[in-house]
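See structure below.
We count ligands from 1, going down the list as the structure has it; atoms in each ligand are counted the same way. As the structure is a computational prediction, the values presented were derived from the model and not from experiment.
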Amino acid sequence: MVPNYYITTPIYYVNDVPHIGHAYTTLACDVMARFKRLDGFDVFFLTGTDEHGQKVELAAKSKGVMPKAFVDDVSKNFQNLLECMNFSNDDFIRTTEKRHLDSCKKIWNTLLENGSIYLDKYSGWYSVRDEAFYSESEIIDGKAPSGSPVEWVEEPSYFFNLSKWEDELLTFYEQNKSFISPNSRRNEVISFVKGGLKDLSVSRTSFTWGVKVPNDDDHIMYVWLDALTNYLSACNYSNTNNETFSRFWPADLHMVGKDIIRFHAVYWPAFLMAANLPIPKKIFAHGWWTNEGNKISKSLGNVIDPFDLVKKYGVDQIRYFLMREVPFGNDGDFSHSQLINRINSDLANSFGNLFQRVTSMIFKNCHEVVPIKPDIFKDEDLKLINSIKNSLHDYRNLMDEQKFDQFLKNIWMVISDANKYVDEQAPWSLKKNDYQRMEVVLYTLTETIRQISIMLQPFIPNTSKAILDHIDIPLVERDIKSIELFFSGGIKISTPNPLFPRI
Ligand code: MSP
């Protein structure tokens, strides 16, 4: 049976245009989704837009447009980003869609009917920027812990009985050690829950842009209960007999930024426990990017536009840099000089050069035909040929632990070994005195390039495709399993073009 894999991005607020932080979260999911597909999984990769709430309503007002017209417009920018970054999502959900409204209604009614939701009054702090409630003890110098402004709110509100789930949550974290990753985030969440949970306000009455509470039109659902439910809506939760729901729920991985871990690792499992639904298998919280050392913010005017970056440097170049530069989970600093360094040294000089040297030699010295697979190899040939083949288990683990940078570092070690092998074997001098040995060397290198390119497909899909096309690897032999095969050789190649222009 084909195993399933359900991965989600957070859904993006449509109060503003997409920036590098949004592209980063989705990219990490795209890399995971592409890898899992190549590794034989039936993947459901979901992303989308979070279109309700006070923040979005205010953004629409400031532009003088009705909220629906506004969200239709901004959501399109996020959809355009998918194409620009070459993302391979299977679905795009918008919280203003009927399938989502139906599933919000269903989860609300379930929670209400089983006594998890009750009507009362909220008085306390609220941050519109974070769309979050804060208790008095969390306020620092009149601001939220995130630094966002807060306002005092007093209004009738439905509450979710979050306090009741404290022990269950702690037991769940204890029994599911890899539920929250990385470990530092897990500790942070556990100490937050141990500090005591208060019941959570889950409806608002002071504005109207949201999902109406069933049978109580004065209230709209708290935007986070609405938003988190998107992960169910996309599996057609409102119709549980549906095949998608039984195949894909619970999700395998919710990828989030560190700022929204509490919503995903505390509130979300509590809502699901209360609704008697299975809990997702893992929440991974990645770090934040700064721009040349400064916090990225609209007010500082230093927002990095992914569309501009891709136009200037190329999509694979940006994808590679974002996944390689920073250990996934840590914060990172975006700098143009670092980006250019990576493009020139890793992509152009190391990988690009390897491909260029090998294919040019084949083109010039072997009548444009890749040598066929030889019967006899020397130890140094086999060492190179087997270095990825024998480590597939480790590569799979690195992916399952979201260690994208380490995965790439390992592949680049193979690239560096392959470049050293070219220097040591010096096929240009073999040409004169040992033509057969030259063929073995060039075969070995092409076989290594084949494996590297298969492994790099999730990260740099366009370039990998160009290489695999160039050496004529059939589409059905581009999955991870095919690494174990051997390239048969004997195919004619065209003049190679440089893969990555130097900047
Ligand atoms: N709408 C909520 C998520 C609801 S999910 C049920 C939300 N949206 S957001 O648009 O504000 O943020 C989406 C993601 O972008 C978050 O994971 C956030 O961490 C990420 N990033 C925003 N700025 C970022 C950086 N500067 N760097 C890296 N990621 C950042 O939160």
- Determine, for R319 against D30, whether the closest basic-nitrogen to carboxylate-oxygen distance falls under 4.0 angstrom.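 Looking at D30 together with R319, the answer is yes, because their closest N to O distance falls below 4.0 Å.
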- Query: Could E131 and K55 be called an ion pair, given the rule that one side-chain N must be under 4.0 Å from one carboxylate O?
  - Reply: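 Here E131 does not pair with K55 in a salt bridge, since their nearest N and O are not under 4.0 Å apart.
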- Cation over ring face, R247 and F44, 6.0 Å, 45°: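 So R247 doesn't make the cation-pi contact.
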- Test the R204-Y126 pair against the cation-pi criterion, namely NZ or CZ under 6.0 angstrom from the six-membered ring centroid and within 45° of the ring axis.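 Yes, R204 sits over the ring of Y126.
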- Query: Has the side chain of W209 got a donor or acceptor atom that lies under 3.5 Å from a matching backbone atom of P67?
  - Reply: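 Checked: no pair found.
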- Message: Students often mix this up, so state it plainly: with edges at 30° and 60°, are the rings of F245 and Y237 parallel, tilted or perpendicular?
- Response: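 Aromatic pair F245/Y237 classed tilted.
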Using a cut-off of under 3.5 Å, which N/O atoms of ligand 1 pair up with protein N/O atoms, and what distance separates each pair?
residue	atom	partner	partner atom	Å
ligand 1	1 (N)	I11	O	2.8
ligand 1	1 (N)	D50	OD2	2.7
ligand 1	10 (O)	Y13	N	3.2
ligand 1	10 (O)	H22	NE2	3.4
ligand 1	17 (O)	G257	N	2.8
ligand 1	19 (O)	D259	OD1	2.5
ligand 1	19 (O)	W288	NE1	3.1
ligand 1	26 (N)	W289	O	3.2
ligand 1	27 (N)	W289	N	2.9

